[in-house]
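Below is one structure, written out as structure tokens; comments come after it.
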Amino acid sequence: VQLQASGGGLVQAGGSLRLSCAASGSIRSIAVMGWYRQAPGEERELVASITRGGSTNYADSEKGRFTIFRDNAKNTVYLQMNSLKPEDTAVYYCHADRVATMTSGFEYDYWGQGTQVTVSS
């Protein structure tokens with residue numbers, strides 16, 4: 001299973017970006033997909049997650065600004081980020097957990113390669 005993230009970049013404060021992360025491999029389904037971020041000198045933190053059924057969970061600082069959604073048929077998760085702030089600057093990582101595979105049952109805890117988001121003031 002591989003996760004390929006895209007959509008990061010440089011944006012001015014108040015702007016928007018949409019991140020995408022596509023999972024590939026021998027996948028039957030993915031229970032939970034999500035986005036984490038890590039700023040320089042900081043620990044990686046949850047931004048948002050979504051279950052296969054569509055239940056979402058957001059960090060408090062992102063509620064109302066960010067929206068996570070997924071396309072189960074494409075094994076892809078998205079993060080729509082609006083009203084971006086300089087403090088949102090970080091490397092954003094997508095995550096997949098409890099992946100049902102075609103060949104080896106369930107597998108856990110996959111990470112994408114990270115995509116840089118930079119918000120200028």
4.5 Å side-chain heavy-atom contact, [X] and [Y]:
X: I27; Y: T101; value: no
X: L46; Y: N57; value: yes
X: V91; Y: T115; value: no
X: Q80; Y: F66; value: no

Rounded to the nearest 0.5 Å, what separates atom [atom1] in [X] from atom [atom2] in [Y]?
X: T51; Y: M33; atom1: OG1; atom2: CE; value: 12.0 Å
X: S49; Y: L79; atom1: OG; atom2: CG; value: 11.0 Å
X: I30; Y: L3; atom1: CD1; atom2: CG; value: 7.0 Å
X: I50; Y: Y78; atom1: CD1; atom2: OH; value: 11.5 Å
X: K74; Y: S24; atom1: NZ; atom2: OG; value: 14.5 Å
X: Q113; Y: Q4; atom1: CD; atom2: CD; value: 4.5 Å

Query - From CA spacing to verdict: salt bridge (charged side-chain N to carboxylate O under 4.0 Å, His left out), E62, R37 - result: CA-CA 12 Å; E62 280 75 55; R37 69 186 183 188; 2.8 Å; yes
Can you name the closest pair of heavy atoms from [X] and [Y] and give their distance?
X: D88; Y: R65; answer: OD2-NH1, 2.8 Å
X: T56; Y: Y58; answer: OG1-CE1, 3.6 Å
X: S26; Y: M102; answer: OG-CB, 2.8 Å
X: A39; Y: A90; answer: N-CB, 3.8 Å
X: S121; Y: P86; answer: CB-CG, 3.8 Å
X: A100; Y: F106; answer: CB-CE2, 3.7 Å

Report task. Please check if any side-chain donor atom of D71 sits under 3.5 Å from a side-chain acceptor atom of T76, or the reverse. Result ->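 No.
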**Report entry** Six-ring centre of Y108, R98 cation under 6.0 angstrom, axis tolerance 45°
**Finding:** no
**Report entry** Over 12 non-hydrogen atoms of neighbours within 6.0 angstrom of CZ in R52
**Finding:**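 Buried by this count: over 12 neighbours within 6.0 Å.
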Query raised in the report: Does E87 CD have over 12 foreign heavy atoms under 6.0 Å away?
Result: yes
Okay, side chain of [X], backbone of [Y]: is any donor-acceptor separation there less than 3.5 Å?
X: D109; Y: D97; result: no
X: Y36; Y: A48; result: no
X: T89; Y: V119; result: yes

Path from [X] to [Y] over hydrophobic side-chain contacts below 4.5 Å:
X: W111; Y: L19; answer: no
X: I68; Y: Y110; answer: yes
X: L84; Y: W35; answer: yes

Requested in this report: Determine, stepwise, if the pair V117 / M81 fulfils side chain to side chain contact (heavy atoms under 4.5 Å, CB included).
Outcome: CA-CA 10 Å; V117 172; M81 304 185 293; 3.9 Å; yes
Query raised in the report: Salt bridge or not for D60 and K63, using N-O below 4.0 Å?
Result: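 Yes, charged N to carboxylate O under 4.0 Å.
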